[in-house]
**Q** 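I'd like to ask some things about the structure below.
No experiment lies behind these values; they were computed from the predicted model shown. Index from 1, following the sequence.
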Amino acid sequence: MIPKIISGVLALIAVFMGLKQGWVMASSQPEMMEMFSKWGFNKTSLAINGAITMLSAILMLFTKTFFWGNFIMAAGILLIICFHLLYRDFKGAAIELPFLMLNLALIYLHHPLSK
């Protein structure tokens, strides 16, 4: 019972954060444009990345697509960590690690409504 509650709370947090960050990327907010442009992302590619992030957050809501939503979101976060490390921005990479761990923990815990 307790793991289901923890999974539910963590899933809601991850969905909220995914939708929020996805929207910020999709709408090409200046701070996101600044960060992603140094990695070669233009406005269109940032909007696509944001749309994929929002889609992964929505997939996390459903039992049958929970794994794939977490997997896609974790892959996106890992991509950002790799870009930070490519440019030797260890602080930026370290900031992203808890978000990666959140998705990995959710994969381990499974969907809160699964049997």
Side-chain angles (χ1 to χ4, degrees):
M1 181 66 172
I2 298 295
K4 298 272 187 196
I5 294 170
I6 293 170
S7 177
V9 170
L10 292 178
L12 288 175
I13 291 169
V15 167
F16 173 75
M17 288 175 15
L19 290 173
K20 181 178 167 280
Q21 284 303 109
W23 180 256
V24 170
M25 284 189 266
S27 61
S28 300
Q29 295 289 328
E31 61 272 6
M32 284 292 158
M33 281 301 301
E34 180 183 333
M35 182 171 83
F36 280 86
S37 65
K38 66 183 175 188
W39 300 330
F41 281 67
N42 60 21
K43 198 171 192 174
T44 305
S45 59
L46 183 59
I48 291 169
N49 193 27
I52 291 170
T53 301
M54 288 188 291
L55 175 65
S56 68
I58 292 169
L59 288 173
M60 289 172 55
L61 293 172
F62 304 102
T63 308
K64 292 187 183 230
T65 57
F66 184 75
F67 170 78
W68 291 108
N70 276 293
F71 180 83
I72 294 167
M73 193 175 291
I77 294 168
L78 186 59
L79 176 72
I80 292 170
I81 289 172
C82 289
F83 278 129
H84 279 299
L85 292 175
L86 181 65
Y87 289 91
R88 306 242 188 260
D89 181 9
F90 299 111
K91 182 181 175 189
I95 289 170
E96 296 292 332
L97 282 176
F99 304 113
L100 176 64
M101 297 310 292
L102 173 63
N103 288 108
L104 296 178
L106 284 169
I107 290 171
Y108 174 77
L109 290 170
H110 300 286
H111 193 278
L113 299 178
S114 67
K115 295 182 180 182

**Q** Hey, any chance Phe66 and Leu109 share a hydrophobic cluster, counting ILVMFWY side chains that come within less than 4.5 Å of each other, even indirectly?
**A**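 Yes.
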**Q** Just so I know, are the side chains of Tyr87 and Lys38 near enough to count as touching, which here means a heavy-atom distance under 4.5 Å?
**A**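 The answer is no, as the side chains (C-beta and beyond) never meet within the 4.5 Å cut-off.
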**Q** Taking side chain as C-beta onward, heavy atoms only, is Phe90 less than 4.5 Å from Leu85?
**A**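 Side-chain contact under 4.5 Å: yes.
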**Q** If you take all heavy atoms of Leu106 and Ala11, which pair is closest and at what distance?
**A**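 That would be CD2-N, 3.6 Å.
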**Q** Hey, does the side chain of Ser27 reach the backbone of Trp23 with a donor-acceptor pair shorter than 3.5 angstrom?
**A**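 Yes; judged by distance alone, with no hydrogens or angles, the pair exists.
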**Q** Should Leu78 and Tyr108 be counted in the same cluster of Ile, Leu, Val, Met, Phe, Trp and Tyr side chains packed under 4.5 Å apart?
**A**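 Yes, it is one cluster - the side chains of Leu78 and Tyr108 are joined through contacts under 4.5 Å.
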**Q** State, to 0.1 Å, how close Gly69 and Leu59 come at their nearest heavy-atom pair, and which atoms those are.
**A**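 Between these two residues, the closest heavy atoms are CA-CB, 3.7 Å.
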**Q** Any side-chain heavy atom of Leu100 within less than 4.5 Å of one from Glu96?
**A**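 Not in contact.
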**Q** At what distance, to the nearest 0.5 angstrom, does CG of Asn103 lie from CG of Leu10?
**A**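 Rounded to the nearest 0.5 Å, the CG-CG separation comes to 10.0 Å.
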**Q** Nearest 0.5 Å, please: how far is CE in Met17 from OG1 in Thr53?
**A**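 Rounded to the nearest 0.5 Å, the OG1-CE separation comes to 11.5 Å.
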**Q** Treat each ILVMFWY residue as a node, draw an edge where side-chain heavy atoms are under 4.5 Å apart, and state whether Ile77 and Met54 are in one component.
**A**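 Yes, one cluster joins them.
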**Q** Taking side chain as C-beta onward, heavy atoms only, is Ile72 less than 4.5 Å from Leu55?
**A**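 SC-SC contact between Ile72 and Leu55 ruled out.
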**Q** Do Val9 and Met101 belong together in a cluster built from hydrophobic side chains that touch within less than 4.5 Å?
**A**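 Yes, same cluster.
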**Q** When rounded to the nearest 0.5 angstrom, what is the spacing between CG in Asn70 and CG in Leu102?
**A**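 Result: 7.5 Å between the selected atoms.
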**Q** Is atom NZ of Lys43 surrounded by more than 12 heavy atoms (other residues, nucleotides or ligands) closer than 6.0 Å?
**A**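 No, not enclosed.
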**Q** State, yes or no, whether a side-chain contact exists between Met35 and His84 at a heavy-atom distance under 4.5 Å.
**A**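 Yes, side chains in contact.
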**Q** Are Ile48 and Met25 linked, directly or through intermediate hydrophobic residues, by side-chain heavy-atom contacts shorter than 4.5 Å (ILVMFWY only)?
**A**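 No: no chain of side-chain contacts under 4.5 Å links Met25 to Ile48.
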**Q** How close do Met73 and Ser56 get, counting heavy atoms only, and between which atoms?
**A**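 Nearest heavy atoms, Met73 then Ser56: CE-OG, 3.4 Å.
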**Q** Which heavy atom of Ala14 sits nearest to which heavy atom of Met60, and what is that distance?
**A**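 Closest heavy-atom pair between Ala14 and Met60: CB-CE, 3.4 Å.
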**Q** Evaluate the side-chain proximity of His111 to Lys64: yes if any heavy-atom separation is below 4.5 Å, no if none is.
**A**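 They are not in contact (no side-chain heavy atoms under 4.5 Å apart), so the answer is no.
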**Q** Looking at every heavy atom in both Ser7 and His110, which two are closest together, and how far apart are they?
**A**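 Of all heavy-atom pairs spanning Ser7 and His110, the closest is OG-O, 2.6 Å.
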**Q** Taking CD in Glu34 as the centre, count heavy atoms belonging to other residues, nucleotides or ligands within less than 6.0 Å. Is the count above 12?
**A**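 Open: at most 12 neighbouring heavy atoms sit under 6.0 Å from CD of Glu34.
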**Q** Taking atom CZ of Phe71 as the centre, report whether more than 12 heavy atoms of other residues, nucleotides or ligands fall under 6.0 Å from it.
**A**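 No.
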**Q** Specify the closest pair of heavy atoms between Pro112 and Gly8, including all atoms of both residues, with the distance to one decimal.
**A**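 Shortest heavy-atom contact: CG-CA, 3.5 Å.
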**Q** Starting at CG of Leu61, measure out to CG of Leu12 and round the result to the nearest 0.5 Å.
**A**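 Going from CG on Leu61 over to CG on Leu12, the span is 8.0 Å.
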**Q** Give me the ring orientation class for Trp39 and Phe83: parallel if the planes are under 30° apart, tilted from 30 to 60°, perpendicular past 60°.
**A**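 Parallel, since the angle between the ring planes stays under 30°.
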**Q** Just wondering, do Ile58 and Leu19 contact through their side chains at under 4.5 Å, heavy atoms?
**A**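 Counting from C-beta outward, Leu19 and Ile58 do come under 4.5 Å.
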**Q** How about Lys20: does its NZ atom have over 12 heavy atoms from other parts shown lying under 6.0 Å from it?
**A**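 No, because the 6.0 Å sphere around NZ of Lys20 holds 12 heavy atoms or fewer from other groups.
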**Q** Does Ile80 reach the side chain of Phe36, with side-chain heavy atoms less than 4.5 Å apart?
**A**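 Yes - at least one pair of side-chain heavy atoms lies under 4.5 Å apart.
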